[in-house]
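These notes concern the structure reproduced below.
Keep in mind it's a predicted model, so treat the numbers as computed, not measured. Remember, it's 1-based here, ligands and their atoms both numbered in the order they're listed. For the numbers below, each heavy atom of this structure counts, side chains included, while hydrogens, waters and symmetry mates do not.
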Amino acid sequence: MLITDARLADGRRVDVRVRDGSIAAVDADIAPDADERTLDAAGRTLLPGVIDPHVHFREPGADHKETWTSGSRSAAAGGVTTVIDQPNTDPPTVDADAFDAKAERAQASLVDYGLAGGVTAEWEPDTLFDRPIAALGEVFLADSTGDMGIDEGLFRAALDRAAREDVLVTVHAEDATLFDEHARDRSDADAWSAYRTPEAESRAVERAVELAADVGADLHVAHTSTPEAIDIVADSAATCEVSPHHCLLSRADLPDLGTHGRMNPPLRSESRRQAVFERVRDGRVDLIATDHAPHTRAEKDAGIWAAPSGVPGVETALPLLLGLVAEDEIALERVVDLTARRPADRFGLAAKGAIEVGRDADLTLVDLDATGEIRAADLHTACEWTPFGGWTGVRPEWTMVRGEVVYEREGDRFGDPVGENAWA
Ligand SMILES: NC(=O)N[C@@H](CC(=O)O)C(=O)O
Ligand SMILES: [Zn+2]
Ligand SMILES: [Zn+2]
(Lines give C-alpha, C1' and ligand atoms only; values in the text may rest on other atoms or scores of the structure.)
(Ligands and ions follow the chains in the order given, each with its own letter.)
Protein backbone atom coordinates (compact mmCIF):
# COMPACT_ATOMS: atom_id res chain seq x y z
CA MET A 1 0.00 0.00 0.00
CA LEU A 2 1.18 3.50 -0.83
CA ILE A 3 0.04 6.59 1.10
CA THR A 4 0.59 9.42 -1.35
CA ASP A 5 1.34 13.11 -1.01
CA ALA A 6 1.20 13.29 2.79
CA ARG A 7 2.68 16.12 4.80
CA LEU A 8 4.75 15.07 7.83
CA ALA A 9 5.05 16.99 11.10
CA ASP A 10 8.44 18.37 10.01
CA GLY A 11 6.87 19.86 6.87
CA ARG A 12 8.18 17.34 4.31
CA ARG A 13 5.77 16.16 1.58
CA VAL A 14 6.22 12.43 1.04
CA ASP A 15 4.80 9.15 -0.13
CA VAL A 16 4.88 6.33 2.44
CA ARG A 17 5.00 2.68 1.43
CA VAL A 18 3.54 0.19 3.88
CA ARG A 19 4.46 -3.46 3.46
CA ASP A 20 3.80 -6.39 5.82
CA GLY A 21 2.72 -4.01 8.55
CA SER A 22 5.90 -1.93 8.47
CA ILE A 23 7.00 1.29 6.86
CA ALA A 24 9.00 0.16 3.81
CA ALA A 25 9.82 3.56 2.27
CA VAL A 26 9.40 7.28 2.96
CA ASP A 27 10.28 9.46 -0.04
CA ALA A 28 9.10 12.17 -2.35
CA ASP A 29 7.39 10.63 -5.42
CA ILE A 30 7.51 6.86 -4.98
CA ALA A 31 6.16 5.16 -8.12
CA PRO A 32 3.38 2.70 -7.20
CA ASP A 33 4.07 -0.95 -7.97
CA ALA A 34 1.70 -2.81 -10.26
CA ASP A 35 -1.58 -3.39 -8.34
CA GLU A 36 -0.32 -1.55 -5.26
CA ARG A 37 -3.25 0.06 -3.41
CA THR A 38 -2.92 3.83 -2.98
CA LEU A 39 -4.38 6.04 -0.26
CA ASP A 40 -4.49 9.72 -1.22
CA ALA A 41 -3.34 11.95 1.64
CA ALA A 42 -3.01 15.23 -0.29
CA GLY A 43 -3.56 18.29 1.85
CA ARG A 44 -3.49 16.25 5.02
CA THR A 45 -0.87 15.43 7.68
CA LEU A 46 0.34 11.93 8.50
CA LEU A 47 1.34 11.37 12.11
CA PRO A 48 2.82 8.43 14.00
CA GLY A 49 0.03 6.81 16.00
CA VAL A 50 -0.21 8.04 19.57
CA ILE A 51 1.30 5.79 22.26
CA ASP A 52 -0.75 6.31 25.43
CA PRO A 53 1.05 4.56 28.29
CA HIS A 54 -1.70 5.20 30.84
CA VAL A 55 -5.27 3.97 30.29
CA HIS A 56 -7.81 2.15 32.44
CA PHE A 57 -9.92 -0.11 30.20
CA ARG A 58 -11.65 -1.69 33.25
CA GLU A 59 -11.64 -5.38 32.29
CA PRO A 60 -12.08 -7.55 34.14
CA GLY A 61 -14.38 -6.26 36.84
CA ALA A 62 -16.10 -3.11 35.56
CA ASP A 63 -17.21 -3.79 31.99
CA HIS A 64 -20.01 -1.27 32.38
CA LYS A 65 -17.44 1.57 32.50
CA GLU A 66 -15.31 0.36 29.56
CA THR A 67 -14.28 -2.80 27.75
CA TRP A 68 -11.34 -3.60 25.49
CA THR A 69 -13.74 -3.20 22.56
CA SER A 70 -15.13 0.21 23.55
CA GLY A 71 -11.82 1.46 24.94
CA SER A 72 -9.75 0.44 21.92
CA ARG A 73 -12.36 1.87 19.55
CA SER A 74 -12.14 5.11 21.46
CA ALA A 75 -8.34 4.93 21.17
CA ALA A 76 -8.38 4.21 17.42
CA ALA A 77 -10.83 7.04 16.73
CA GLY A 78 -8.51 9.34 18.67
CA GLY A 79 -5.43 8.39 16.64
CA VAL A 80 -4.02 6.16 19.41
CA THR A 81 -2.35 2.95 18.20
CA THR A 82 -0.79 1.58 21.42
CA VAL A 83 -2.05 1.75 25.01
CA ILE A 84 -0.82 0.44 28.36
CA ASP A 85 -3.62 -0.75 30.62
CA GLN A 86 -3.22 -0.14 34.33
CA PRO A 87 -3.50 -2.80 37.06
CA ASN A 88 -6.37 -1.46 39.22
CA THR A 89 -8.94 -3.83 37.78
CA ASP A 90 -10.87 -6.51 39.66
CA PRO A 91 -8.95 -8.70 40.25
CA PRO A 92 -5.93 -6.38 40.29
CA THR A 93 -3.13 -7.40 37.92
CA VAL A 94 -0.72 -8.50 40.65
CA ASP A 95 0.02 -12.13 39.70
CA ALA A 96 0.25 -14.40 36.68
CA ASP A 97 -3.37 -15.59 36.89
CA ALA A 98 -4.71 -12.04 36.87
CA PHE A 99 -2.35 -11.12 34.05
CA ASP A 100 -3.51 -14.11 32.00
CA ALA A 101 -7.20 -13.33 32.61
CA LYS A 102 -6.67 -9.76 31.42
CA ALA A 103 -4.59 -10.88 28.45
CA GLU A 104 -7.54 -13.04 27.37
CA ARG A 105 -9.84 -9.97 27.42
CA ALA A 106 -7.27 -7.82 25.62
CA GLN A 107 -7.52 -10.04 22.55
CA ALA A 108 -10.56 -7.93 21.66
CA SER A 109 -8.34 -4.85 21.23
CA LEU A 110 -8.19 -2.99 17.91
CA VAL A 111 -4.92 -1.34 18.91
CA ASP A 112 -1.61 -2.68 20.21
CA TYR A 113 -1.31 -2.80 23.96
CA GLY A 114 0.70 -3.57 27.03
CA LEU A 115 -0.52 -4.73 30.43
CA ALA A 116 1.13 -3.20 33.47
CA GLY A 117 1.61 -5.24 36.65
CA GLY A 118 0.53 -3.86 40.01
CA VAL A 119 1.63 -4.03 43.63
CA THR A 120 -0.57 -4.83 46.62
CA ALA A 121 0.15 -6.64 49.89
CA GLU A 122 -1.01 -9.80 48.08
CA TRP A 123 1.10 -9.39 44.94
CA GLU A 124 3.13 -12.34 43.69
CA PRO A 125 6.29 -10.93 42.13
CA ASP A 126 7.61 -14.39 41.26
CA THR A 127 4.66 -15.18 38.99
CA LEU A 128 4.00 -11.60 37.84
CA PHE A 129 7.53 -11.00 36.51
CA ASP A 130 7.21 -14.28 34.67
CA ARG A 131 4.74 -12.50 32.36
CA PRO A 132 5.57 -9.84 29.72
CA ILE A 133 4.43 -6.82 31.73
CA ALA A 134 4.89 -3.44 30.03
CA ALA A 135 5.92 -1.82 33.33
CA LEU A 136 5.42 -2.25 37.06
CA GLY A 137 2.72 0.25 38.03
CA GLU A 138 1.04 2.49 38.37
CA VAL A 139 2.13 1.70 41.92
CA PHE A 140 -0.30 3.61 44.14
CA LEU A 141 1.27 5.48 47.06
CA ALA A 142 -2.22 6.72 48.05
CA ASP A 143 -5.63 5.24 47.42
CA SER A 144 -7.31 5.99 44.11
CA THR A 145 -9.88 3.95 42.17
CA GLY A 146 -9.35 0.35 43.32
CA ASP A 147 -7.93 1.28 46.75
CA MET A 148 -4.48 -0.08 45.92
CA GLY A 149 -2.51 2.37 48.08
CA ILE A 150 0.59 0.78 49.66
CA ASP A 151 3.06 1.80 52.37
CA GLU A 152 6.64 2.90 51.86
CA GLY A 153 8.19 -0.40 52.91
CA LEU A 154 6.31 -2.31 50.23
CA PHE A 155 7.10 0.40 47.67
CA ARG A 156 10.81 0.10 48.41
CA ALA A 157 10.63 -3.68 48.08
CA ALA A 158 8.79 -3.32 44.76
CA LEU A 159 11.35 -0.82 43.43
CA ASP A 160 14.14 -3.14 44.48
CA ARG A 161 12.59 -6.15 42.79
CA ALA A 162 11.82 -4.20 39.59
CA ALA A 163 15.41 -2.95 39.48
CA ARG A 164 16.66 -6.52 39.62
CA GLU A 165 14.18 -7.54 36.90
CA ASP A 166 15.20 -4.48 34.82
CA VAL A 167 11.56 -3.33 34.60
CA LEU A 168 10.43 0.31 34.58
CA VAL A 169 8.30 1.40 37.58
CA THR A 170 5.49 3.94 37.19
CA VAL A 171 4.14 5.59 40.32
CA HIS A 172 0.98 7.39 41.41
CA ALA A 173 2.67 9.77 43.83
CA GLU A 174 0.47 11.36 46.47
CA ASP A 175 1.10 11.29 50.23
CA ALA A 176 -2.22 10.87 52.04
CA THR A 177 -0.75 12.14 55.32
CA LEU A 178 -0.61 15.58 53.65
CA PHE A 179 -4.24 15.65 52.59
CA ASP A 180 -6.18 18.49 54.22
CA GLU A 181 -8.85 16.99 56.45
CA HIS A 182 -10.51 20.42 56.92
CA ALA A 183 -11.82 20.13 53.34
CA ARG A 184 -13.92 17.18 54.51
CA ASP A 185 -16.46 19.65 55.91
CA ARG A 186 -17.20 21.01 52.45
CA SER A 187 -19.48 19.48 49.84
CA ASP A 188 -18.76 21.60 46.74
CA ALA A 189 -16.79 20.12 43.82
CA ASP A 190 -13.69 22.20 44.64
CA ALA A 191 -13.40 20.44 48.01
CA TRP A 192 -11.56 17.53 46.29
CA SER A 193 -8.83 19.89 45.07
CA ALA A 194 -8.61 21.48 48.52
CA TYR A 195 -8.33 18.01 50.09
CA ARG A 196 -5.65 16.38 47.91
CA THR A 197 -3.13 19.19 48.23
CA PRO A 198 -0.30 20.09 45.83
CA GLU A 199 2.16 19.43 48.68
CA ALA A 200 0.84 15.87 48.99
CA GLU A 201 1.97 15.32 45.42
CA SER A 202 5.32 17.11 45.51
CA ARG A 203 6.36 15.45 48.78
CA ALA A 204 5.47 12.00 47.46
CA VAL A 205 7.30 12.64 44.19
CA GLU A 206 10.38 13.80 46.11
CA ARG A 207 10.34 10.64 48.24
CA ALA A 208 9.69 8.30 45.28
CA VAL A 209 12.58 9.82 43.33
CA GLU A 210 14.87 9.40 46.39
CA LEU A 211 13.88 5.78 46.98
CA ALA A 212 14.30 4.90 43.29
CA ALA A 213 17.78 6.44 43.28
CA ASP A 214 18.61 4.55 46.49
CA VAL A 215 17.81 1.12 45.09
CA GLY A 216 18.78 1.88 41.48
CA ALA A 217 15.28 1.56 40.03
CA ASP A 218 14.14 3.21 36.81
CA LEU A 219 11.18 5.45 37.72
CA HIS A 220 8.46 7.21 35.74
CA VAL A 221 6.01 9.45 37.60
CA ALA A 222 2.41 9.17 36.39
CA HIS A 223 0.10 12.14 35.88
CA THR A 224 2.16 14.93 37.51
CA SER A 225 -0.21 17.83 38.06
CA THR A 226 1.92 20.61 39.57
CA PRO A 227 4.96 22.57 38.35
CA GLU A 228 6.64 21.72 41.68
CA ALA A 229 6.40 17.96 41.03
CA ILE A 230 7.53 18.32 37.41
CA ASP A 231 10.59 20.32 38.50
CA ILE A 232 11.57 17.70 41.09
CA VAL A 233 11.40 15.03 38.39
CA ALA A 234 13.30 17.19 35.88
CA ASP A 235 16.17 17.46 38.40
CA SER A 236 16.33 13.68 38.81
CA ALA A 237 16.95 10.57 36.75
CA ALA A 238 13.20 9.89 36.65
CA THR A 239 10.74 10.98 33.95
CA CYS A 240 7.16 12.20 34.13
CA GLU A 241 3.96 12.40 32.15
CA VAL A 242 1.19 15.01 32.16
CA SER A 243 -2.44 14.36 31.28
CA PRO A 244 -4.45 16.59 28.92
CA HIS A 245 -6.83 17.47 31.77
CA HIS A 246 -4.04 18.86 33.96
CA CYS A 247 -2.80 20.88 30.95
CA LEU A 248 -6.16 22.31 30.00
CA LEU A 249 -8.49 22.29 33.02
CA SER A 250 -8.16 23.91 36.44
CA ARG A 251 -10.13 24.57 39.61
CA ALA A 252 -11.69 27.48 37.70
CA ASP A 253 -13.58 24.87 35.62
CA LEU A 254 -15.08 23.06 38.61
CA PRO A 255 -18.24 25.18 38.82
CA ASP A 256 -19.04 23.83 35.32
CA LEU A 257 -17.68 20.31 35.71
CA GLY A 258 -19.08 19.66 39.18
CA THR A 259 -18.31 16.20 40.53
CA HIS A 260 -17.38 15.07 36.99
CA GLY A 261 -14.19 17.07 37.52
CA ARG A 262 -13.05 14.87 40.40
CA MET A 263 -9.86 12.97 39.60
CA ASN A 264 -6.53 12.00 41.22
CA PRO A 265 -4.41 14.02 41.39
CA PRO A 266 -7.11 16.69 41.39
CA LEU A 267 -7.43 19.80 39.23
CA ARG A 268 -5.11 22.58 40.44
CA SER A 269 -5.25 26.38 40.47
CA GLU A 270 -5.33 28.19 37.14
CA SER A 271 -1.81 29.54 37.71
CA ARG A 272 -0.43 26.05 38.39
CA ARG A 273 -2.21 24.77 35.27
CA GLN A 274 -0.52 27.42 33.16
CA ALA A 275 2.88 26.56 34.65
CA VAL A 276 2.25 22.86 33.89
CA PHE A 277 1.32 23.61 30.28
CA GLU A 278 4.42 25.79 29.93
CA ARG A 279 6.54 22.79 30.96
CA VAL A 280 4.74 20.59 28.43
CA ARG A 281 5.49 23.15 25.71
CA ASP A 282 9.16 23.59 26.54
CA GLY A 283 10.10 19.92 26.93
CA ARG A 284 10.59 19.72 30.70
CA VAL A 285 7.68 17.27 30.70
CA ASP A 286 8.71 14.00 29.06
CA LEU A 287 5.44 12.85 27.59
CA ILE A 288 1.66 13.10 27.50
CA ALA A 289 -0.46 10.23 28.84
CA THR A 290 -4.21 10.45 29.20
CA ASP A 291 -4.90 8.50 32.41
CA HIS A 292 -8.15 7.58 30.60
CA ALA A 293 -10.29 6.69 33.64
CA PRO A 294 -13.91 6.18 32.60
CA HIS A 295 -16.78 6.07 35.09
CA THR A 296 -20.46 6.34 34.14
CA ARG A 297 -22.33 9.62 34.43
CA ALA A 298 -24.57 8.14 37.12
CA GLU A 299 -21.49 7.16 39.16
CA LYS A 300 -19.94 10.61 38.67
CA ASP A 301 -23.20 12.30 39.67
CA ALA A 302 -22.86 11.09 43.27
CA GLY A 303 -21.72 13.74 45.79
CA ILE A 304 -18.11 14.93 45.79
CA TRP A 305 -17.08 12.45 48.54
CA ALA A 306 -18.95 9.51 46.97
CA ALA A 307 -18.21 9.93 43.25
CA PRO A 308 -15.33 7.85 41.86
CA SER A 309 -12.20 9.71 40.69
CA GLY A 310 -11.21 9.88 37.04
CA VAL A 311 -12.13 11.26 33.63
CA PRO A 312 -12.04 9.71 30.14
CA GLY A 313 -9.46 11.07 27.70
CA VAL A 314 -7.97 8.55 25.26
CA GLU A 315 -10.09 9.72 22.30
CA THR A 316 -9.75 13.48 22.88
CA ALA A 317 -6.01 13.87 23.61
CA LEU A 318 -4.68 14.14 20.07
CA PRO A 319 -7.70 16.10 18.77
CA LEU A 320 -7.28 18.66 21.59
CA LEU A 321 -3.53 18.97 21.04
CA LEU A 322 -4.09 19.49 17.31
CA GLY A 323 -6.69 22.12 18.17
CA LEU A 324 -3.95 23.88 20.15
CA VAL A 325 -1.59 23.54 17.18
CA ALA A 326 -4.21 25.26 15.01
CA GLU A 327 -4.29 28.09 17.57
CA ASP A 328 -0.46 28.30 17.62
CA GLU A 329 -0.41 27.30 21.28
CA ILE A 330 2.04 24.42 20.74
CA ALA A 331 4.22 23.24 17.84
CA LEU A 332 3.15 20.16 15.86
CA GLU A 333 6.60 18.56 16.16
CA ARG A 334 6.39 18.91 19.95
CA VAL A 335 3.02 17.17 19.94
CA VAL A 336 4.48 14.25 17.97
CA ASP A 337 7.41 14.12 20.35
CA LEU A 338 5.18 14.06 23.46
CA THR A 339 2.64 11.58 22.13
CA ALA A 340 4.72 9.15 20.07
CA ARG A 341 8.51 9.36 19.96
CA ARG A 342 9.17 9.84 23.65
CA PRO A 343 6.62 7.34 24.96
CA ALA A 344 8.08 4.79 22.51
CA ASP A 345 11.61 5.49 23.77
CA ARG A 346 10.69 5.50 27.43
CA PHE A 347 8.60 2.32 27.38
CA GLY A 348 11.02 0.42 25.17
CA LEU A 349 9.09 0.24 21.90
CA ALA A 350 11.92 0.53 19.37
CA ALA A 351 9.58 -0.44 16.51
CA LYS A 352 7.07 2.33 17.17
CA GLY A 353 6.77 6.09 17.65
CA ALA A 354 8.04 7.56 14.36
CA ILE A 355 7.42 7.52 10.61
CA GLU A 356 10.70 5.92 9.60
CA VAL A 357 11.66 2.97 7.42
CA GLY A 358 11.55 -0.26 9.41
CA ARG A 359 9.13 0.93 12.09
CA ASP A 360 5.59 -0.38 12.47
CA ALA A 361 3.01 1.28 10.21
CA ASP A 362 1.07 2.72 13.16
CA LEU A 363 -0.31 5.87 11.58
CA THR A 364 -3.09 8.40 11.74
CA LEU A 365 -4.15 10.95 9.11
CA VAL A 366 -5.43 14.39 10.07
CA ASP A 367 -6.55 17.55 8.29
CA LEU A 368 -5.12 20.31 10.46
CA ASP A 369 -7.53 22.83 8.98
CA ALA A 370 -10.59 20.74 9.85
CA THR A 371 -11.12 21.98 13.39
CA GLY A 372 -14.48 21.20 14.96
CA GLU A 373 -16.25 21.05 18.27
CA ILE A 374 -15.63 18.06 20.54
CA ARG A 375 -18.97 16.47 21.43
CA ALA A 376 -19.60 13.53 23.76
CA ALA A 377 -22.04 12.05 21.24
CA ASP A 378 -19.21 11.55 18.71
CA LEU A 379 -17.01 9.59 21.13
CA HIS A 380 -16.82 5.82 21.58
CA THR A 381 -16.04 5.32 25.26
CA ALA A 382 -18.68 3.32 27.11
CA CYS A 383 -18.87 6.02 29.78
CA GLU A 384 -20.62 8.37 27.30
CA TRP A 385 -19.26 11.70 28.50
CA THR A 386 -16.20 13.93 28.30
CA PRO A 387 -14.94 16.88 30.35
CA PHE A 388 -13.94 18.50 27.03
CA GLY A 389 -17.36 19.02 25.42
CA GLY A 390 -17.35 22.27 23.43
CA TRP A 391 -13.54 22.40 23.12
CA THR A 392 -11.99 22.74 19.65
CA GLY A 393 -10.38 19.64 18.22
CA VAL A 394 -9.17 17.92 15.07
CA ARG A 395 -10.46 14.36 14.72
CA PRO A 396 -8.45 11.82 12.71
CA GLU A 397 -9.70 10.70 9.27
CA TRP A 398 -8.31 7.22 9.73
CA THR A 399 -5.99 5.27 11.97
CA MET A 400 -3.93 2.19 11.09
CA VAL A 401 -2.19 -0.36 13.29
CA ARG A 402 0.70 -2.22 11.61
CA GLY A 403 -0.81 -1.46 8.22
CA GLU A 404 -4.41 -2.44 9.07
CA VAL A 405 -6.98 0.34 9.01
CA VAL A 406 -8.76 0.09 12.38
CA TYR A 407 -10.80 3.31 12.14
CA GLU A 408 -12.29 5.42 9.36
CA ARG A 409 -14.23 8.51 10.29
CA GLU A 410 -16.26 8.37 7.08
CA GLY A 411 -19.17 6.18 8.20
CA ASP A 412 -17.58 5.81 11.66
CA ARG A 413 -16.24 2.39 10.73
CA PHE A 414 -13.94 0.13 12.73
CA GLY A 415 -11.69 -2.73 11.64
CA ASP A 416 -10.94 -6.09 13.20
CA PRO A 417 -9.34 -6.58 16.64
CA VAL A 418 -5.78 -6.78 15.27
CA GLY A 419 -4.16 -5.48 18.46
CA GLU A 420 -1.26 -7.44 19.93
CA ASN A 421 0.76 -7.27 23.12
CA ALA A 422 3.66 -5.06 22.00
CA TRP A 423 5.77 -6.24 24.96
CA ALA A 424 5.22 -10.00 24.43
N1 LIG B 1 -6.92 9.09 37.97
C2 LIG B 1 -8.05 8.78 38.59
O3 LIG B 1 -8.66 9.65 39.20
N4 LIG B 1 -8.56 7.54 38.57
C5 LIG B 1 -7.96 6.36 38.02
C6 LIG B 1 -6.91 5.79 38.91
C7 LIG B 1 -5.65 6.61 38.95
O8 LIG B 1 -4.96 6.76 37.94
O9 LIG B 1 -5.30 7.11 40.01
C10 LIG B 1 -9.08 5.32 37.79
O11 LIG B 1 -8.72 4.16 37.51
O12 LIG B 1 -10.26 5.65 37.87
ZN1 LIG C 1 -3.10 7.31 39.31
ZN1 LIG D 1 -4.31 6.01 36.26
Okay, side chain of Thr224, backbone of Glu241: is any donor-acceptor separation there less than 3.5 Å?
yes
Below 2.8 Å, which protein N, O or S atoms neighbour the Zn ion (ligand 3), ignoring water?
His54 NE2, His56 NE2, Glu138 OE2, Asp291 OD1
I need the single residue from Val394, Ile330, Thr371, Thr45 that forms a side-chain contact (heavy atoms from CB on, under 4.5 Å) with Val325. Which is it?
Ile330
Residues forming a side chain to side chain donor-acceptor pair (under 3.5 Å) with Thr226, sequence neighbours excluded:
Glu201
Can you confirm whether or not the ring centre of His54 sits under 6.0 Å from the ring centre of His223?
yes
Only one of Thr364, Leu318, Leu47 passes side-chain contact (heavy atoms from CB on, under 4.5 Å) with Thr399, and that residue is Thr364
May I ask you to decide if the ring planes of Tyr195 and Trp192 are parallel, tilted or perpendicular, using 30° and 60° as cut-offs?
tilted
According to ring pair (Phe, Tyr, Trp, His ring centres under 6.0 Å), does anything in residues 58-99 pair up with another residue at least two apart or in another chain? List the pairs.
Phe57-Trp68, Trp68-Tyr113
Kindly indicate whether a cation-pi arrangement holds for Arg281 with Phe277, taking the cut-offs as under 6.0 Å to the six-membered ring centre and within 45° of the axis.
yes
side-chain hydrogen bond (donor to acceptor under 3.5 Å, both in side chains) with Arg58: which of Glu66, Gln86, His295?
His295
Show me, by chain and number, every protein residue that has a heavy-atom distance under 4.0 Å to ligand 1.
His54, His56, Arg58, Asn88, Glu138, Phe140, Ser144, Thr145, His172, His223, Met263, Asn264, Asp291, Ala293, His295, Ser309, Gly310
